[in-house]
Structures are given as structure tokens and as C-alpha cells.
Protein chains: 2
Amino acid sequence: MPSTPPTPVQRVQIDAGAELRLVALEMFAENGYSGTSLQQIADAAGYSKSSVLYHFRSKEALFEAALTPAVAELDLFLESIVEKLTNDEHRSGFVEEFIDLLLEHRLAAHIIINQGQTLSDIPIIDQATGLIGRIGESFMSGLPTTQQRIRLGIALAGAAYVMVALRPSAVELDDLDEVREALIDVVTELITPL
Amino acid sequence: MPSTPPTPVQRVQIDAGAELRLVALEMFAENGYSGTSLQQIADAAGYSKSSVLYHFRSKEALFEAALTPAVAELDLFLESIVEKLTNDEHRSGFVEEFIDLLLEHRLAAHIIINQGQTLSDIPIIDQATGLIGRIGESFMSGLPTTQQRIRLGIALAGAAYVMVALRPSAVELDDLDEVREALIDVVTELITPL
DNA sequence: CCCTAACCTGACCGATCGGTCAGCGCCTGC
DNA sequence: GCAGGCGCTGACCGATCGGTCAGGTTAGGG
């Protein structure tokens with residue numbers, strides 16, 4: 001019998017750091033940053049509080065680690081925006097990508113939207129709101145009337161908030177697809193006259 | 001010289017309860033419910049923590065007292081809705097009143113929108129979200145397609161969120177009027193096809 | 001077989017949390 | 001002038017907060 005290969009076996013969930021990041025993301029979204037204690041996170045993940053602080057130097061570091069993937073993708077999205085908006089034909093694609101980005105990182109979006117002002121002194125939150133601001137600016141390069149700015153705000157904030165308001169339990173996969181298309185339609189309709 | 005009247009004099013701000021309610025509302029909106037301590041509220045209002053707890057039996061009672069006026073007006077608004085919606089001519093008035101209601105109670109709206117899910121176990125929050133839900137239901141009595149529900153959601157949530165996002169410092173009175181009209185226009189445009 | 005390093009934990013720390021309580025000064029009606 | 005209640009306070013309570021630390025356990029390489 002040949003020697004067994006060097007254990008690439010079942011990697012179900014042995015990465016404690018990633019597991020803690022996920023649990024923390026859910027709880028921060030559900031109960032808020034200051035409303036979630038390290039003890040609660042540790043209990044939910046099946047570790048001790050000390051263990052959480054072994055993997056992450058502080059509560060804020062854990063928060064930052066939990067949000068980092070979403071913010072990184074948001075950053076990539078911003079970089080790709082410039083060419084998207086110069087080519088007029090790609091504008092609808094812009095909306096689609098933005099909605100998909102929000103859907104993929106719903107929990108992170110929930111946190112940034114609902115707690116962004118409160119937690120503005122945490123670096124990654126500051127970075128995220130900065131990115132969002134630059135997306136808005138680059139979109140309406142000639143930021144014309146108040147009415148137009150309000151229109152854009154309602155489109156993006158409304159879409160984000162509707163998505164965020166979806167309770168995780170209420171997410172049937174079919175419905176999610178339907179929601180996705182409806183969001184793309186309505187947002188596209190709102191921003192095309194700009 | 002006639003006797004001085006029984007001191008109806010300057011009532012600048014001697015009602016400690018009302019003053020505390022106001023300060024608490026601002027701080028709860030700014031830093032969140034669990035992110036605001038009774039000590040911070042007391043300091044900001046110029047009282048001791050004990051004094052706050054003399055006027056309000058608990059932190060939750062103070063929170064409830066701070067939100068009560070807004071929720072009461074929301075309740076009145078819901079009662080007036082039925083006749084507004086049966087008379088087709090008053091539909092635009094509906095939007096106008098709703099926007100004005102949000103503008104008048106911006107801080108309370110901020111709290112209910114951003115912390116409603118988190119604080120769903122507090123009675124007045126439960127009441128407020130219940131009222132909002134009934135407003136939505138009574139508006140789209142025949143809740144038709146997903147697309148139409150999303151449209152309504154974006155209109156109302158977007159408007160509310162745009163308003164909430166206005167930093168208090170950024171509120172010039174002229175701008176506020178401009179924002180009000182823009183909001184009414186866009187929201188009306190969104191919900192008229194329903 | 002032992003040494004090391006990674007992982008995890010309970011005990012403990014000072015600070016702060018929401019809340020209680022006894023008592024202070026002051027105004028008012030008798 | 002005195003009794004009583006209202007507004008307000010500091011001292012204090014147990015619980016919990018985020019965070020530190022010394023030590024226990026385990027797996028792997030020499």
C-alpha cells in the first residue's frame with residue numbers, strides 16, 4: 001500500500017481565526033459593535049474569551065479583520081469604476097456589479113451603513129466610508145443640482161437599506177434572485193437620467 | 001407698586017426631564033443605545049448620574065421617553081392614512097406629510113432606522129417598527145410583485161436614510177428646504193406608478 | 001526522547017456599566 | 001418657624017467590560 005499523501009484531508013473548519021471572523025461579523029451586524037462583547041463572540045464560536053484575544057490582539061482588531069474582505073472588494077470596485085463610467089455602454093453593468101457587491105457582503109454592508117457614523121474613529125470604517133464617498137463623487141462628476149444628488153442618494157442608500165433589511169431567515173435563494181433583479185431595475189431607472 | 005405677578009417669568013430651560021430627554025435623544029442617535037452610558041448623558045446635560053435616574057426609573061425608560069413624541073406622531077399619521085389613500089387626490093399630500101414627519105423627528109428616525117433591529121426587545125421600538133410595517137401594508141394593499149415592493153422600499157427607506165445621513169452641522173435652513181422639495185419630488189415619482 | 005512552538009485556557013486586573021440608597025439643601029404651606 | 005416634599009447628589013453595589021498573564025496541552029522535528 002502506498003504511503004498516504006501528506007494529509008490534505010477534510011478541512012471542514014479548523015481555521016479558528018476564520019471561524020471567529022465569521023461569527024464576529026454576524027454578531028456585530030446583529031447587535032452592534034458596542035452591543036457585542038468578546039465573551040458573547042467566544043461563547044457563540046465555542047472558544048474562551050482568552051482564545052479570541054490570542055488570535056486577535058483586541059476587539060477592534062477582530063472587528064477590522066471581519067470587515068477587511070468586504071472593504072478590499074469595495075476598493076477593487078472603485079478602481080474599476082473609472083473605465084466603466086467613461087464607456088457609456090458599461091453604465092448598466094456598473095449598477096449590476098454594485099448590487100452584487102452589496103449582496104455578497106450583506107453583513108459588512110449592514111455594519112458600515114448602520115454603524116458607520118458611530119464608529120467613525122475606527123480606521124477601517126473610516127476607509128470604507130471614504131471609499132463610498134469617492135464612488136459617489138466619481139459617479140456624479142459634475143454634482144449638479146440638489147435634486148440630482150438626492151436622487152442618487154435615494155437610489156444607492158435605498159437599495160443598500162432594502163438589502164440590509166432582509167432578515168437572514170427570509171432569504172430563499174429564488175427570492176434573492178428576484179430581489180436582485182428588482183433592485184437592478186429600480187436603481188437603473190433612478191440613475192439613468194443623471 | 002403693584003404686586004409682581006406669580007412668576008410666569010423666563011422659562012428658559014428649567015424642566016430637567018425635558019432637557020434630559022433631548023440630550024439623551026441626541027446622544028443615542030449619535031453613539032447608539034448601548035454605546036451611550038448614563039454617565040455620558042448626565043455629564044452632557046450637566047447633572048449627576050443619580051439625578052438622571054431620579055427622573056427616569058432606568059436607562060430604558062429614558063430611551064422610551066426620548067422616543068415617545070416621535071412615535072406618537074407616527075401613530076397619528078397612520079390613523080390619518082386611511083382617508084388619505086381612499087381619496088386619490090390626497091396621495092401627493094401623503095408623501096409630503098411623511099417627509100415632513102421624518103424631517104421633524106430626524107433624530108428619532110435615525111435611531112429607529114439604524115438600531116431598530118438591534119433593539120427590537122424594547123417595547124417602544126417594537127411599537128414603532130410595527131407602525132412602520134402597517135404604514136407599508138396599508139399603502140400597498142394588494143402587495144403585488146416583488147419589483148413593486150422593492151420600489152416602495154427604496155423610496156421610503158432611501159428617503160429616510162438620505163435624511164438621516166444629513167449631519168446636523170450641515171443643516172443650513174435654506175438647504176433643508178431644498179432637500180425637502182427634492183425628496184418629495186423623487187419619492188412621488190417613485191411611488192406614483194404603484 | 002526531548003524541545004519547541006502553536007494553541008488554548010482560567011485566574012485575575014482596573015475601569016466602567018446600570019442601578020440603589022441615605023441624606024443634603026431649599027422652597028412652600030401651614 | 002417649622003414640617004414635609006421635591007430635586008439632586010456622592011458613596012456604594014454586583015456584574016460585566018476589554019485586556020494581561022502564567023501555565024497547561026498537544027503535535028512535530030531534531
Side-chain angles (χ1 to χ4, degrees), chain A residues 3-25 27-28 30-66 115 118-119 121-125, chain B residues 3-25 27-28 30-66 115 118-119 121-125:
Chain A
S3 64
T4 58
T7 63
V9 272
Q10 346 145 328
R11 285 217 158 239
V12 189
Q13 47 175 2
I14 58 175
D15 187 345
E19 195 182 350
L20 285 171
R21 244 178 288 140
L22 196 65
V23 170
L25 187 66
M27 301 192 67
F28 284 143
E30 184 95 356
N31 304 110
Y33 178 73
S34 60
T36 305
S37 69
L38 290 176
Q39 189 64 245
Q40 292 172 345
I41 296 173
D43 290 346
Y47 293 93
S48 71
K49 190 180 66 171
S50 306
S51 196
V52 175
L53 285 164
Y54 167 78
H55 289 283
F56 302 93
R57 135 179 52 86
S58 68
K59 184 186 183 182
E60 186 175 319
L62 171 57
F63 181 72
E64 187 151 336
Q115 308 177 52
T118 298
L119 305 176
D121 50 343
I122 296 184
I124 199 172
I125 288 283
Chain B
S3 64
T4 56
T7 61
V9 272
Q10 346 144 330
R11 285 218 158 238
V12 190
Q13 47 176 3
I14 59 176
D15 187 345
E19 195 182 350
L20 284 172
R21 244 178 289 141
L22 197 66
V23 170
L25 187 67
M27 301 192 68
F28 284 143
E30 184 95 355
N31 305 111
Y33 178 73
S34 59
T36 305
S37 69
L38 291 175
Q39 189 65 246
Q40 291 172 343
I41 295 173
D43 291 346
Y47 293 93
S48 71
K49 190 180 67 170
S50 308
S51 195
V52 176
L53 285 165
Y54 168 78
H55 289 283
F56 303 93
R57 135 177 54 87
S58 66
K59 182 186 184 183
E60 187 175 317
L62 170 58
F63 181 71
E64 187 152 335
Q115 307 177 52
T118 298
L119 305 176
D121 51 342
I122 295 184
I124 201 172
I125 288 283

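Reminder, nothing fancy here: chain letters follow the sequence lines and each chain counts from 1.
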Look at all strands and tell whether [X] reaches a base, only sugar-phosphate, or nothing, counting heavy atoms closer than 4.0 Å.
{"X": "B:S34", "result": "nothing"}
{"X": "A:S37", "result": "sugar-phosphate"}
{"X": "B:L38", "result": "sugar-phosphate"}

From the options D:dG10, D:dG19, D:dC17, select the nucleotide whose nearest atom is closest to the side chain of B:S48.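 Nearest listed nucleotide: D:dG10.
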
Would you call A:D43 and A:Q39 a side-chain contact if the rule is heavy atoms closer than 4.5 Å?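 Side-chain contact under 4.5 Å: yes.
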
Could you check whether any side-chain heavy atom of B:Y47 comes within less than 4.5 Å of a side-chain heavy atom of B:I41, counting everything from C-beta outward?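 The answer is no, as the side chains (C-beta and beyond) never meet within the 4.5 Å cut-off.
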
What is the distance, to the nearest angstrom, from the [atom1] atom on [X] to the [atom2] atom on [N]?
{"X": "B:Y33", "N": "C:dC17", "atom1": "OH", "atom2": "P", "answer": "13 Å"}
{"X": "A:N31", "N": "D:dC17", "atom1": "CG", "atom2": "C1'", "answer": "16 Å"}
{"X": "B:L53", "N": "D:dC13", "atom1": "CG", "atom2": "C1'", "answer": "14 Å"}
{"X": "A:Y47", "N": "D:dG19", "atom1": "OH", "atom2": "C1'", "answer": "20 Å"}
{"X": "B:D43", "N": "D:dT9", "atom1": "CG", "atom2": "P", "answer": "11 Å"}
{"X": "B:I41", "N": "C:dC17", "atom1": "CD1", "atom2": "P", "answer": "11 Å"}
{"X": "B:L20", "N": "D:dG7", "atom1": "CG", "atom2": "P", "answer": "12 Å"}
{"X": "A:Q39", "N": "C:dC12", "atom1": "CD", "atom2": "C1'", "answer": "14 Å"}

Base C:dG18 paired with B:K49 side chain (donor-acceptor, <3.5 Å):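 Yes, the side chain and the base share a sub-3.5 Å donor-acceptor pair.
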
Please evaluate the base of D:dG10 for a donor-acceptor partner in the side chain of B:S50 within a cut-off of under 3.5 Å?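 In this structure, the two groups form a donor-acceptor pair.
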
Has [X] got a side-chain N or O lying under 4.0 Å from the OP1 or OP2 atom of [N]?
{"X": "A:S51", "N": "C:dT9", "value": "yes"}
{"X": "B:H55", "N": "D:dC8", "value": "yes"}
{"X": "A:Y54", "N": "C:dC7", "value": "yes"}

With DNA chain D as reference, determine whether B:G17 or A:T36 sits nearer its 5' end, using the nearest nucleotide of each. B:G17

Please report the interatomic distance CG(A:L119) to CD1(A:I124), rounded to the nearest 0.5 Å. 11.5 Å

Is A:K59 positioned over the aromatic face of A:Y33, cation under 6.0 angstrom from the ring centre and no more than 45 degrees off axis?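 Here A:K59 passes the 6.0 Å and 45° test against A:Y33.
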
By ring pair (Phe, Tyr, Trp, His ring centres under 6.0 Å) - contacts of B:F56 (at least two apart):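 Once residues adjacent in sequence are excluded, B:F56 has no partner under the ring pair (Phe, Tyr, Trp, His ring centres under 6.0 Å) criterion.
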
